[in-house]
Amino acid sequence: MYDGMPRPLFSPSSRPRRRALRAAALAAALSATLLAGCGTADDGARDRRASASSAKGFPVTVDNCGTRTTYDGPPSRVVTVHQHPAELMLALGLRDRMVGTAFPDSAVLPELRKDFEAVPELAEKEPSFETLLNAEPDFVYGGYGSAFAENEGRSRKAFADAGIDTYLNREYCGKKRVSMKDAYDEILTVGSIFGVRDRAEKLVADLRERVDGTSRTVEGVSPVSVFVYDSGDKSAFTAGGKGLGTEIIALAGGRNVFADLDDVFGDVSWEQVVARQPEVIAIYDYAGAGSVAEKKRFLLSQPALADVPAVRNKRFVVLPLTATLVGIRPPHAVEDLARGLHPESFR
């Protein structure tokens with residue numbers, strides 16, 4: 001896995017100042033020839049900014065991972081770094097605010113696919129600071145902490161110096177415990193930043209009902225023991241008791257065999273996996289960690305795992321990693337996992 005100063009939203013009259021800030025930041029990293037590529041923001045964004053001061057529900061002040069920002073109106077040119085922030089934005093009906101995204105982890109939710117494909121992809125992984133500046137955003141929303149990696153020139157201060165607001169997924173604020181409530185709170189906070197709190201509240205209500213419906217379906221079943229396999233060969237990288245994965249498993253009618261691991265994620269030995277005899281293995285699927293087929297072949301080829309019930313019976317459930325991260329996906333993951341753990345309850 002991947003690892004502040006309050007500043008109001010810029011008004012139309014201050015756009016020359018903002019462009020100057022952006023140009024100064026870019027000059028620190030690029031040659032003068034590259035600087036020539038930075039243009040003026042489109043008229044649509046300017047019109048939206050002009051009406052920001054009268055936007056309902058503003059100003060909004062948000063404390064995010066140690067950075068306090070006051071928004072006088074909703075951001076109008078947004079880049080999302082990583083897939084789960086992009087999906088959250090799209091689920092809130094904010095496609096028209098998005099000027100770029102980056103680092104798709106897995107297949108997008110079917111209902112969001114068309115809108116997602118319409119957003120320019122700036123990079124397969126995290127874009128460089130220069131690439132992000134060239135998109136002329138007024139807001140960058142990062143999913144993993146690596147979105148704002150200081151050692152790669154993308155610190156939140158660097159963006160602030162360029163006149164660009166930033167927001168980091170609360171999962172990476174160092175709280176050391178992540179829950180379904182965090183997913184709901186993330187949606188509500190982003191909804192407030194963009195002036196669509198009503199949409200956010202409806203989305204949260206719908207997602208809560210999805211979870212409640214699944215929990216009712218598996219009510220009374222005997223919990224199935226589950227081992228989460230994220231990656232690893234010498235040892236296993238798995239979901240610990242402080243992560244959202246453990247709550248997803250419980251809501252789906254299961255029990256994480258490493259719920260006693262005192263972290264969101266951590267390494268365990270294969271001997272520990274054997275000793276805990278999981279009935280189902282939940283494989284996390286994401287780019288760069290080997291395919292699901294490769295992970296299954298590895299697990300099935302290990303003699304030491306042959307007598308583990310999940311391996312012996314080839315009981316695997318696949319979850320996209322994005323489904324277990326703070327955003328709109330975890331409620332979907334509860335249902336998907338429950339169907340794999342208790343198929344008889346869904347017939």
Side-chain angles (χ1 to χ4, degrees), residues 1-2 84 106 171-172 175-184 207 210-212 214-233 235-286 289 292 295-296 298-299 302 304-305 307-327 329-346:
M1 298 290 290
Y2 306 95
H84 46 302
S106 56
E171 185 165 350
Y172 289 84
K175 195 172 69 169
K176 301 300 184 183
R177 179 175 292 278
V178 187
S179 68
M180 193 70 75
K181 182 179 183 301
D182 287 307
Y184 299 142
L207 293 174
R210 179 184 285 270
V211 172
D212 290 346
T214 300
S215 296
R216 287 192 296 269
T217 301
V218 299
E219 188 175 5
V221 301
S222 297
V224 175
S225 58
V226 180
F227 161 57
V228 171
Y229 180 50
D230 178 291
S231 56
D233 52 3
S235 61
F237 194 54
T238 191
K242 290 189 175 181
L244 188 47
T246 292
E247 185 175 358
I248 290 170
I249 291 170
L251 290 168
R255 174 180 60 83
N256 182 4
V257 297
F258 287 105
D260 60 337
L261 181 63
D262 192 31
D263 209 336
V264 177
F265 276 89
D267 287 298
V268 297
S269 70
W270 291 112
E271 290 78 11
Q272 288 175 294
V273 176
V274 172
R276 302 194 182 196
Q277 295 285 291
E279 299 166 86
V280 171
I281 296 177
I283 296 176
Y284 283 1
D285 181 26
Y286 60 102
V292 170
K295 290 180 179 181
K296 286 182 179 179
F298 172 78
L299 294 168
Q302 303 305 302
L305 300 179
D307 289 329
V308 171
V311 175
R312 185 175 64 244
N313 299 320
K314 299 182 179 179
R315 287 198 68 186
F316 302 107
V317 178
V318 178
L319 291 176
L321 178 63
T322 49
T324 69
L325 302 173
V326 166
R329 286 286 194 108
H332 294 262
V334 172
E335 180 178 349
D336 293 342
L337 182 58
R339 288 181 180 275
L341 300 183
H342 302 286
E344 69 285 350
S345 297
F346 292 87

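We count residues from 1, following the sequence as given.
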*Test ring-ring contact (aromatic ring centres under 6.0 Å, His included) applied to Tyr229 and Tyr284, Phe237, Trp270, the passing residue*: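 Filter result, single survivor: Trp270.
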Taking the side chain from [X] and the backbone from [Y], do they hold a donor-acceptor pair closer than 3.5 Å?
{"X": "Lys295", "Y": "Asp230", "value": "yes"}
{"X": "Ser225", "Y": "Arg255", "value": "no"}
{"X": "Arg315", "Y": "Leu341", "value": "yes"}

*Using the test ring pair (Phe, Tyr, Trp, His ring centres under 6.0 Å), find all partners of Phe316 that sit at least two apart in sequence or belong to another chain.*
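Ring pair (Phe, Tyr, Trp, His ring centres under 6.0 Å) check on Phe316 returns nothing, list empty.
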*Evaluate the side chain to side chain contact (heavy atoms under 4.5 Å, CB included) criterion for residues Tyr184 and Val211: first the C-alpha distance (whole Å), next the side-chain angles of each, then the deciding distance (0.1 Å), finally the verdict.*
CA-CA 12 Å; Tyr184 299 142; Val211 172; 3.7 Å; yes
Nearest heavy-atom neighbours spanning [X] and [Y]:
{"X": "Ala236", "Y": "Phe227", "result": "CB-CZ, 3.7 Å"}
{"X": "Phe298", "Y": "Asp233", "result": "CZ-CA, 3.6 Å"}
{"X": "Ala304", "Y": "Val274", "result": "O-CG2, 3.3 Å"}
{"X": "Val317", "Y": "Val280", "result": "CG2-CG1, 3.8 Å"}
{"X": "Leu305", "Y": "Val273", "result": "CD2-CG1, 4.5 Å"}
{"X": "Val226", "Y": "Pro278", "result": "C-CB, 4.2 Å"}

*Do Met180 and Val334 come within less than 4.5 Å of each other through their side chains, counting heavy atoms only?*
yes
*Going by heavy atoms in the side chains, are Asp182 and Glu171 under 4.5 Å from each other?*
no
Show me the donor-acceptor pairs, under 3.5 Å and distance only, between side chains in residues 217-224 and residues at least two apart or in other chains.
from, atom 1, to, atom 2, distance (Å)
Thr217, OG1, Gly213, O, 2.9

*asked:* As a quick check of understanding, evaluate side chain to side chain contact (heavy atoms under 4.5 Å, CB included) for Leu244 and Val178, giving each step before the final call.
replied: CA-CA 5 Å; Leu244 188 47; Val178 187; 4.1 Å; yes
[atom1]/[X] to [atom2]/[Y] distance, rounded to the nearest 0.5 angstrom?
{"X": "Thr324", "Y": "His332", "atom1": "OG1", "atom2": "NE2", "result": "14.0 Å"}
{"X": "Ser106", "Y": "His84", "atom1": "OG", "atom2": "NE2", "result": "10.5 Å"}
{"X": "Ile281", "Y": "Lys296", "atom1": "CD1", "atom2": "NZ", "result": "10.5 Å"}
{"X": "Ile248", "Y": "Ser179", "atom1": "CD1", "atom2": "OG", "result": "11.0 Å"}
{"X": "Leu321", "Y": "Ile283", "atom1": "CG", "atom2": "CD1", "result": "13.5 Å"}

*Go through the steps to decide whether Leu319 and Asp336 satisfy the test side chain to side chain contact (heavy atoms under 4.5 Å, CB included), and finish with yes or no.*
CA-CA 8 Å; Leu319 291 176; Asp336 293 342; 4.2 Å; yes
*Apply the test side chain to side chain contact (heavy atoms under 4.5 Å, CB included) to residues Gln277 and Val308: give CA-CA distance (whole Å), side-chain angles for both, the deciding distance (0.1 Å), then the verdict.*
CA-CA 5 Å; Gln277 295 285 291; Val308 171; 4.1 Å; yes
*asked:* Does anything in residues 256-265 form a side-chain hydrogen bond (donor to acceptor under 3.5 Å, both in side chains)? List the pairs, not counting sequence neighbours.
replied: Lys242-Asp262, Thr246-Asn256, Asp260-Arg276
*Crowded around Asp307 CG? As in, over 12 foreign heavy atoms under 6.0 Å?*
no
*Charged N to carboxylate O under 4.0 angstrom, Glu335 versus Arg210?*
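Looking at Arg210 together with Glu335, the answer is yes, because their closest N to O distance falls below 4.0 Å.
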